[in-house]
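The sequence lines fix the lettering, A, B, ..., with proteins before strands; numbering per chain opens at 1.
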Amino acid sequence: MIVGVHPLAGFDKLLHYKVPDPMRDAVQVGSLVRVPVLRTMRLGIVGEIGVPKDFPVEKLKAVVEVLHPFPALTPELLQLARWMAGYYACGVDSVIETMLPAAVRRGATVKHEKSLALVRRLTPDELTVLEKKAPQQARLYRLLAQQFRPQLKSLVLSRLGVTAAVATALIKRGFVREELRRVERVAYADDFAHGELVAAQPHTLNPEQAAVVADLESRLGEQKFGVALLHGVTGSGKTEVYLRGIDTTLKAGGGVLFLVPEVALTPQTVARLRSRLEAIAPGHRCVVWHSHLSDGERFDGWLALATGEARIVVGARSAVFAPVANLRLIIVDEEHEPAYKQDETPRYHGRDVAVMRAKLTGAFCVLGSATPSLESFANALAGKYRLLTLTQRVDNRQLPNIDVVDLRIEAMKHRSLTALSDKLVNAMQARFERREQTILFINRRGYSSSMLCTKCGHVEECPHCSIAMTYHRADEMLRCHLCGEQKAAPARCPQCGAPDIRWRGLGTQRVEEAVRRVLPRARIERMDTDAMAKKNRFREVLSQFRAGKIDVLVGTQMIGKGLDFPNVTLVGLIDADMSMHIPDFRANERTFQLLVQVAGRAGRGDRAGDVVVQTFTPQAEAIQFSRRADFAGFAESELKLRKEFHYPPYRHLIHHLFRGPNPEKLKFFAEQWARLVEKELGQIVELRGPSASPIEKIKDEYRWQLWYFTHAVIKVVPALAKLRAGFAWPDDITQVLDVDPVNLM
DNA sequence: ATTAGCTTATGT
DNA sequence: CATAAGCTAATC
């Protein structure tokens, strides 16, 4: 037998090896094997069974070892790896590497501990004989005879101060036997296992939930690929819908993959989920998968899934690759979260990979969010995904009153810029007197500063890409993040002529000081990455806040994730503009998401809460729509905007393509565009072709070309929309996924 | 990734 | 002509 192997050696080639006869039965596609590469031994994944195309069979080396009795990558995952290599333009080997936990990659195998057990009790006579002949063996026997359970071999031997030879001899006599047991660690055994058991009782569904669950269950019953977008407002009980789906799937013998953004994977949330799972599907082990696990913990989880001992995994981005057996349901919670993007090669998007994996396995995929990403929503509108909607809050809590404060007017009133508007200050004082709590959000998304006029709210944008330009203080220049356009930073606002147009958000510290001035007697706590450096500080502050020992909590978005504080009746967003001016074409989308998230924090059972949004651009659509909690309206207007000319066609690829070496895709893209431009202009467009130079050079070349094309096309061809209509990626890419359906043309 | 083996530059 | 430095190609 001859196999093709993807060695994990840093290059993307399939090398072939002979398989020695004794290993034949253990080797299959996906097996983890040890193979010789040049002078070293490397691990690799069997990618195919068959002979090499252009390499003499007689010169092949042989596989040295097969690591596991089961394939480390199921055929389905291997297929996914190949798809990812094409889609994200990276090597299959690097995908395989990210799919396998570090411990597996290093060749870890199952850890066993040896223990000694008594086979039978000896008669007094036998014991005397043994004592005479082999006193050490007799001592060992007596120790074991005193215990009820088998004892750890290493422990017993060191206790008695004898060597393994004694135990071996005793085994040979047939008095004692050796037992192997797999050692296991359970992640978060202390924290997670006995967390809150509050939510363990099964909930009754409201009619809306029941309808969605019924729909989902009938889909699951079909046992084939499909995607549903679950759009449920904050507090509408999406989790309950997931749980019913999980229950149905487990009962049908299927496996479940539950993805959440890393930040949402706190001990509390996992504990809650676990106890609900326990209640709904008793006896199922649930593997938790996230970046803070030790290698050993991750390995054990991986093993439990690969061997089918556990059928459900809850985890962050990298858990999409968990070897869940008979995968039937994939859930991606908060699917709009940018945390699903990996920012190292391979730069994959967890949500998109999840959809593709579902397709390859024939599983059902549920994407859930209160503010779906526009690409998913557009897919739902186009009928590719089934749209399920939850509009009612489970607790019937009312939507908060949202006030938008115009900071330009505020600045004029006070003749200087203030962190807290009068409205916000008054509201905070009222809460303090009523012993209710306030959260102030600082929006620190834009670490790169943009230029914003404090008088009229104007922001300098790139003329080609219509995203905010980044202000570089060192050389007083404005640069475009996308196309590289640059120009001198203006001294006066180009729109209204006001002299001072620099505004770089407020830090948590300054806001905290401002609050202290207006509420000297209030207990204020700050929560940002600096203040939370100490390990348990985060949880400590949260529990104090929950207990009402803190009046005002000032912090960044880290406050908002999956936490619910019942006594918070006021939420202030200090500067809504910051997320609107990040150099990202999803800026409006992000702003909308932030506002909805902020609004979801306000209010309590009996009364609607208040939200104060401070902004320089109160007319912005993202703010206006989120005020009315009108997601569909926002999506419609934003999608329309994206269809219009301003959005360079390659933008959606930036994350995937621009940051890694992807000559193939860039080439493909450049050529497509060249053809379109030629047709439109009626003249030949010269492509600086790929030279046989190293990857970096090609990359730079094509980057330049893309820049060139964008400029040339935008300048010369006004009707870009027409071009866009004629552009299509190959079927296999667009079939299931549109990374960004509007821009994917 | 790693490295043998080839080409080219540098210096006496 | 020796040595160093740069580059390419192969890994089964």
Side-chain angles (χ1 to χ4, degrees), chain A residues 1-68 71-73 75 77-79 81-82 84-86 88-108 295 299 318 321 342-348 656-657 659-667 688-704:
Chain A
M1 178 155 87
I2 287 160
V3 292
V5 175
H6 295 282
L8 302 174
F11 56 89
D12 188 28
K13 284 263 164 63
L14 194 69
L15 305 183
H16 287 78
Y17 294 89
K18 287 185 278 199
V19 180
D21 275 339
M23 290 180 198
R24 276 185 88 130
D25 296 336
V27 172
Q28 40 188 317
V29 173
S31 291
L32 186 67
V33 291
R34 201 184 298 279
V35 289
V37 176
L38 289 172
R39 270 157 294 282
T40 54
M41 285 298 174
R42 290 300 168 88
L43 291 178
I45 292 287
V46 175
E48 64 172 36
I49 294 175
V51 293
K53 277 201 292 291
D54 40 12
F55 196 85
V57 174
E58 61 276 11
K59 279 193 181 172
L60 294 182
K61 293 183 184 176
V63 173
V64 172
E65 187 192 356
V66 185
L67 278 287
H68 300 282
L73 291 183
L77 277 172
L78 203 57
Q79 235 184 317
R82 294 205 181 102
M84 279 178 72
Y88 296 116
C90 59
V92 181
D93 67 316
S94 62
V95 182
I96 290 177
E97 225 162 286
T98 49
M99 282 183 165
L100 296 172
V104 180
R105 258 180 290 147
R106 280 199 321 269
D295 282 358
F299 181 73
S318 61
F321 305 122
Q342 167 117 65
D343 33 5
E344 293 159 14
T345 18
R347 293 169 189 279
Y348 62 92
H656 306 308
L657 290 184
R659 300 187 185 161
N662 304 289
E664 287 305 313
K665 272 216 157 171
L666 288 173
K667 184 180 162 208
R688 280 229 230 133
S691 58
S693 46
I695 272 170
E696 270 308 309
K697 283 187 198 161
I698 298 182
K699 196 176 84 181
D700 285 342
E701 194 127 329
Y702 280 115
R703 190 177 288 164
W704 177 84

Q: For A:Asp12 and B:dA1, give me the distance from atom CG to atom P, rounded to whole Å.
A: 12 Å
Q. In residues 3-11 of chain A, which ones come under 4.0 Å of DNA chain B, going by heavy atoms?
A. A:Ala9, A:Gly10, A:Phe11
Q | A:Leu14 vs A:His6 side-chain heavy atoms within contact, under 4.5 Å | A | yes
Q: Could you tell me whether A:Pro36 contacts a base, only the sugar-phosphate backbone, or nothing, with contacts defined as non-hydrogen atoms closer than 4.0 Å?
A: sugar-phosphate
Q: Round to the nearest Å and state the distance from A:Asp54 atom CG to C:dA10 atom C1'.
A: 13 Å
(Q) Between P on C:dA10 and NE2 on A:His16, what's the gap in Å once rounded to a whole number? (A) 17 Å
Q) Which is true for A:Lys61 with a 4.0 Å heavy-atom rule: it touches a base, it touches only sugar-phosphate, or it touches nothing? A) sugar-phosphate
(Q) Quick check: do A:Leu100 and A:Leu8 have side-chain heavy atoms less than 4.5 Å from each other? (A) yes
Q) Considering only side-chain heavy atoms of A:Phe55, which listed nucleotide, C:dC12, B:dT2, B:dA4, is closest? A) C:dC12
Q) Are any non-hydrogen side-chain atoms of A:Asp93 and A:Phe11 less than 4.5 angstrom apart? A) no
Q: Provide, to the nearest angstrom, the distance between the CG atom belonging to A:Leu38 and the P atom belonging to B:dA4.
A: 9 Å
Q: Let me know the distance between CG of A:Leu14 and P of C:dC12, rounded to the nearest Å.
A: 13 Å
Q: Using atom types as modelled and distance alone, determine if a side-chain donor or acceptor of A:Arg34 lies under 3.5 Å from a backbone N or O of A:Met41.
A: no
Q: Return yes if some donor-acceptor pair links the side-chain N/O of A:Lys18 with the main-chain N/O of A:Val57 below 3.5 Å, else return no.
A: no
Q: Send over the distance from A:Arg39 CZ to C:dA10 P, rounded to a whole Å.
A: 15 Å
Q) Can you find a heavy atom in the side chain of A:Val37 that is under 4.5 Å from one in the side chain of A:Tyr17? A) yes
Q | d(CG, A:Leu15; P, B:dT2) in whole Å | A | 16 Å
Q | Integer-rounded Å distance: C:dA10 P and A:Lys13 NZ | A | 8 Å
Q) Within a strict 4.5 Å, meaning less than it, do heavy atoms of the A:Ser31 and A:Val3 side chains meet? A) no
